[in-house]
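Take a look at the structure set out below.
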Amino acid sequence: MVLKEIWLGDIRIVPIVTSRFRLDGGSMFGTIPKILWERKAPADKSNRILLNVNSLLVETGGEIIFVEAGMGSKFTDRQREIYALSDRDAAGGLQEAGIPPENVDIVILTHLHFDHAGGSTGLSDSGEPVPVFPRARFIIQEEELSAARKPHPLAAGSYDPRDFEPLLERGQVETVVGGKEVAKGVFVERTGGHTPGHQVVRFISGDGEALYLGDLVPTTAHLRLNWLMSWDLEPAVVYEERARILADAEKRQVTVYFCHDPGVAASRIHRDSPSSYGLVESTITKAVH
Ligand SMILES: [Zn+2]
């Protein structure tokens, strides 16, 4: 599903819902009691909450960029059932926006967990993983690639080599260390925390600024600084980076994009309390359909 675009000067940003699925609500909110989180994210009878992957199609300086590939389609029927996974994917979402995946020049992945990198590859008729974006360079933090290829035992289940090894074989991966401008007005910034090489994506033009938060702040419920996910490998780092980046986004009125929120793709934010932020109503981009 293609959502309302925004223009930042010459940069066009179009959110596209590339996946819709469910994950255990407890795992999405770590130590926070269900009695608190279920008001924000209602659970089904299996305790799962609804999540999107809200990707971004970005056009700038004559280049087409895609941020976050989503879950993709390489799942067994059993996995589809466990994640209540819908059959949408990145290629389908881009087609709806009128962009064939082979036209994409750059793909930026915040990290390599399968719900973010899965859509980078699909399955051939013989069941082999093959690139979905045959011409694209993939921008990934060097530390993330190392972590995904030799994962910490706690994180091993979150990575699927079929999502990135075919890209490495074809020389499609460009690793980055720290911050870098990867296209006109498009910057990656390493945050770590959720994974060793997690990065956010910043868009800057004369007319304003936007920020794709990835899993640093996956949904609007996570605008509470201490609502951390069980998946966060270094929770204290996530807390510190989240506090720093949200304070700056509020101060300078940056539009922030939420990767996993099922109802809100983007919004500006204001401070609600010393430890939480709320949405500025007039700036919300809906992600429901
Ligand atoms: Zn995620």
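As the structure lists them, so they are numbered: ligands from 1, and atoms in each ligand from 1.
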Less than 3.5 Å apart, any donor N or O on the side chain of Glu144 or His111 sitting next to an acceptor on the other? no

For Phe21 and Phe75, what are the C-alpha separation, side-chain angles and deciding distance, and is it a ring pair (Phe, Tyr, Trp, His ring centres under 6.0 Å)? CA-CA 12 Å; Phe21 62 108; Phe75 293 92; 9.0 Å; no

Between the Zn ion (ligand 1) and Asp115, which N, O or S atom of the residue is the nearest one? OD2

Closer than 2.8 Å to the Zn ion (ligand 1), do we get an N, O or S atom from His116, backbone or side chain? yes

Closest approach to the Zn ion (ligand 1) by Asp215, given as the N, O or S atom name: OD2

N/O/S of Cys259 less than 2.8 Å from the Zn ion (ligand 1)? no

Do NZ/NE/NH1/NH2 and the carboxylate oxygens of Lys180 and Glu174 come within less than 4.0 Å? yes

Please check this pair: side chain of Arg242 against backbone of Leu216, looking for a donor-acceptor N/O pair closer than 3.5 Å. yes

